[in-house]
Asker: 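One structure, pasted below without further comment.
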Amino acid sequence: MSLALRDVSRTFNGTTAVQNVNLEVQPGEIIGLLGTSGCGKSTLLRAISGLDPEYDGEIEINGTVSKEIHDTTGFIFQEPRLLPWLNVLDNVTFGLTGSRKDKENRAIDYLESVGLRGKEKLYPRELSGGMAQRVAIARALVTSPEILLLDEPFSALDAFTKMQLQDLLLDVWKKYQSTIVLVTHDIDEATYLCDRVVILRGQPGEVEKEVTIEQERPRDRGSEELAHLKSEILESLDLSKQ
Amino acid sequence: MAEQQNNVTAGYVKPAPSEVRGKKASIKKKKDSLVKTVFMGSIIPVLLIIIWEILCRAGVVPSNQLPAPSTIVEKIISMAQDGSLWGHVWITTYRVLVGFVIGTVAAIVLGSFVGFYKKAEQLFDPMIQAFRSIPSLAWVPLFILWLGIGETSKVTMIAVGVFFPVYLNIVSGILGVDRKLIEVGKMYGLNTLQLVKRIILPASLPSFLVGMRSGLGLGWMFVVAAELMGASQGLGFLLVFGQNMSSPETILASIILFAIIGKITDWILKLVEDRSLHWQDRLEK
Ligand SMILES: Nc1ncnc2c1ncn2[C@@H]1O[C@H](COP(=O)(O)OP(=O)(O)OP(=O)(O)O)[C@@H](O)[C@H]1O
Ligand SMILES: [Mg+2]
């Protein structure tokens with residue numbers, strides 16, 4: 001599904017968090033949102049999701065402008081947000097419909113992919129921070145959303161698990177051609193995953209720069225080209241420069 | 001509460017093979033600690049009872065004022081043998097239970113209404129808050145005037161007493177549900193009814209159960225008041241009867257029975273609570 005933001009701004013009681021954001025996303029494109037803390041990345045994501053309808057401007061999803069929540073949109077929040085009264089399996093099947101057996105089989109597949117096979121019966125209070133986040137990732141991916149919004153999904157994970165889950169995300173993307181908007185602080189992650197990186201800057205946050213990454217996937221994490229892009233991105237994030 | 005639900009603490013997972021053994025060990029540990037708490041908790045009461053008994057036997061306290069523990073136990077046993085005990089216990093428990101159920105149901109209906117609809121909150125809540133500041137016992141004369149001293153007025157009083165704590169906890173439980181969890185539900189396209197059923201109800205359950213327990217406590221308090229006002233049977237009636245007959249052992253027997261049944265009903269609710277809230281991340285003592 002395509003996605004377009006036109007002059008999107010969001011003001012919280014008089015202070016503007018993001019201002020005049022314009023963005024066109026093609027179906028199946030992976031967009032990275034990068035920016036210093038507090039520049040409005042989560043705010044933008046919430047506006048796109050429809051959870052926060054109080055923004056100004058227009059957001060168009062698949063050709064229609066609306067402020068509703070689309071049930072084909074998946075959201076991985078900055079925190080796990082698991083339902084504490086459901087065990088891991090029930091948390092993952094939460095958004096699924098269909099027969100119980102079916103739902104559970106799909107959930108177990110994804111739990112396997114995030115490395116939590118055998119932990120189905122645990123309750124959220126029994127999970128570590130990273131495990132909880134992986135459950136949240138499985139819960140969002142299992143519904144195979146057409147638009148996937150991710151707010152620093154991998155930031156609570158160790159480097160190795162992180163890489164595995166980035167590849168899992170790419171698998172899901174390949175299979176369902178989801179349109180993905182990924183907020184991240186990790187520039188390597190952005191250059192590895194994204195077709196385009198949008199850099200927000202300032203307070204109120206505004207689009208500072210867009211960097212297109214044309215390299216074919218699967219990408220080589222250590223490639224010179226990515227390293228070059230990284231330094232370019234770092235430079236535009238550098239607050240000491242104007 | 002919201003905090004507690006949202007945080008996922010670092011947990012520790014037992015490896016599968018030792019799980020069964022671990023469970024058994026933990027049950028045994030639990031039993032041990034239960035025995036220990038019971039033992040620790042009963043040292044002082046037992047000592048006091050022994051001293052009390054000795055003082056009574058030695059004639060230090062006059063037995064027509066404070067009978068010895070053994071006299072009270074004898075009193076209870078004799079009432080149990082002639083059968084009058086069961087009638088008193090049953091009717092009192094029955095009144096509390098009926099009043100409790102009515103009060104709780106009313107609180108659930110009104111509380112969910114006020115919790116879910118802003119309009120209902122604006123309409124009802126100020127009034128209910130105002131009523132709350134009236135000590136519920138102040139209603140007693142009015143109820144007796146309206147409903148006589150029969151069962152209806154007793155049960156109504158108990159229901160009124162139960163209503164407020166349950167109502168207040170339901171409302172605060174519903175209003176306190178973590179917005180972040182509701183958003184998760186919204187992202188999955190749940191409609192209002194599904195949101196209520198799948199997120200708001202389970203999330204406000206802890207608060208509801210707290211309300212039920214304090215409501216039950218108040219129910220027991222109110223049954224005493226109701227039975228003191230006028231009854232021909234019941235533990236509260238025994239209190240008055242004991243006073244009129246200047247029989248302190250009857251009064252003390254009745255007080256002890258109140259304590260026992262009150263504790264049992266509370267314990268049942270506690271069991272329900274532990275069962276349905278096992279997912280809660282509480283401090284384990
Ligand atoms: N509900 C809210 N009410 C008032 N201000 C808010 C609210 N949500 C966000 N803000 C403000 O909007 C700005 C952007 O917040 P946002 O959460 O989008 O930042 P972010 O870019 O996601 O930061 P981080 O990288 O730290 O997650 C902040 O200054 C924040 O204080
Ligand atoms: Mg954020």
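Below, read A as the first sequence line, B as the second, and so on, with proteins coming before strands; counting in each chain starts at 1.
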Asker: Can you name the closest pair of heavy atoms from Leu83(A) and Ile199(B) and give their distance?
Answerer: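 Taking every non-hydrogen atom into account, CD2-CD1, 4.4 Å.
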Asker: Hey, does Thr73(A) have a side-chain heavy atom less than 4.5 Å from the side chain of Tyr188(B)?
Answerer: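 No, every pair of side-chain atoms sits at 4.5 Å or beyond.
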Asker: Flag yes if more than 12 heavy atoms outside Met40(B) fall under 6.0 Å of its CE atom; otherwise flag no.
Answerer: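 Atom CE in Met40(B) is not crowded, with 12 or fewer foreign heavy atoms closer than 6.0 Å.
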Asker: Do the non-hydrogen side-chain atoms of Leu181(B) and Trp85(A) ever get within less than 4.5 Å of each other?
Answerer: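 Answer yes - side chains close enough.
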Asker: If you look only at pairs with a residue in residues 155-183 of chain B, which of them pass as a ring pair (Phe, Tyr, Trp, His ring centres under 6.0 Å), with sequence neighbours excluded?
Answerer: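 Checked against ring pair (Phe, Tyr, Trp, His ring centres under 6.0 Å) - neighbours excluded - the pairs reaching residues 155-183 of chain B are Phe163(B)-Tyr167(B).
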Asker: Heavy-atom distance under 4.5 Å to chain A: side chain of Leu277(B), backbone, both or neither?
Answerer: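 Contact with chain A: none, neither part.
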Asker: Is the shortest side-chain heavy-atom distance between Pro84(A) and Gln280(B) below 4.5 Å?
Answerer: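 A side-chain contact under 4.5 Å is absent here.
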Asker: Do you know the tightest heavy-atom contact between Phe94(A) and Leu190(B)?
Answerer: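 Closest heavy-atom pair between Phe94(A) and Leu190(B): CZ-CD1, 3.8 Å.
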Asker: Can you list every pair that meets salt bridge (Lys or Arg N to Asp or Glu O under 4.0 Å) and has a residue in residues 60-77 of chain A, with sequence neighbours left out?
Answerer: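 Matches after skipping sequence neighbours: Arg6(A)-Glu60(A).
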Asker: If you draw a 6.0 Å radius around CG in Leu271(B), do more than 12 non-hydrogen atoms from other residues or ligands fall strictly inside?
Answerer: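 Yes, because the 6.0 Å sphere around CG of Leu271(B) holds more than 12 heavy atoms from other groups.
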Asker: Enumerate by number any residue of residues 143-173 of chain A whose heavy atoms lie under 4.5 Å from heavy atoms of chain B; in the absence of such residues, state 'none'.
Answerer: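 Listed by number: Thr143(A).
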Asker: Within a reach of under 6.0 Å around CD1 of Ile43(B), are more than 12 heavy atoms found that belong to other residues, nucleotides or ligands?
Answerer: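 It does: Ile43(B) CD1 has more than 12 such atoms within range.
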Asker: Listing request: all ring pair (Phe, Tyr, Trp, His ring centres under 6.0 Å) pairs with a residue in residues 96-132 of chain A, at least two apart in sequence or in separate chains.
Answerer: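 Passing the test, one end in residues 96-132 of chain A: Tyr123(A)-His278(B).
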Asker: So, does Arg81(A) use its side chain to make a donor-acceptor pair with the main chain of Ile182(B) at under 3.5 Å?
Answerer: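 Side chain of Arg81(A) to backbone of Ile182(B), a donor-acceptor pair under 3.5 Å: no, none is there.
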Asker: I'd like to verify something: which residue of Gly95(A), Gly130(A), Gly50(A) has the highest number of heavy-atom pairs under 4.5 Å with chain B?
Answerer: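 Among Gly95(A), Gly130(A), Gly50(A), the one with the most close pairs to chain B is Gly95(A).
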Asker: So which part of Arg139(A) gets closer than 4.5 Å to some heavy atom of chain B, the side chain, the backbone, both or neither?
Answerer: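 Its backbone and side chain both get close to chain B.
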Asker: Counting only heavy atoms not in Phe116(B) (residues, nucleotides, ligands), do more than 12 fall under 6.0 Å from its CZ?
Answerer: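 Yes, enclosed.
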Asker: If I compare all heavy atoms of Glu183(B) with all of Phe77(A), which pair ends up nearest, and what's the gap?
Answerer: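 Between these two residues, the closest heavy atoms are OE1-CE2, 4.0 Å.
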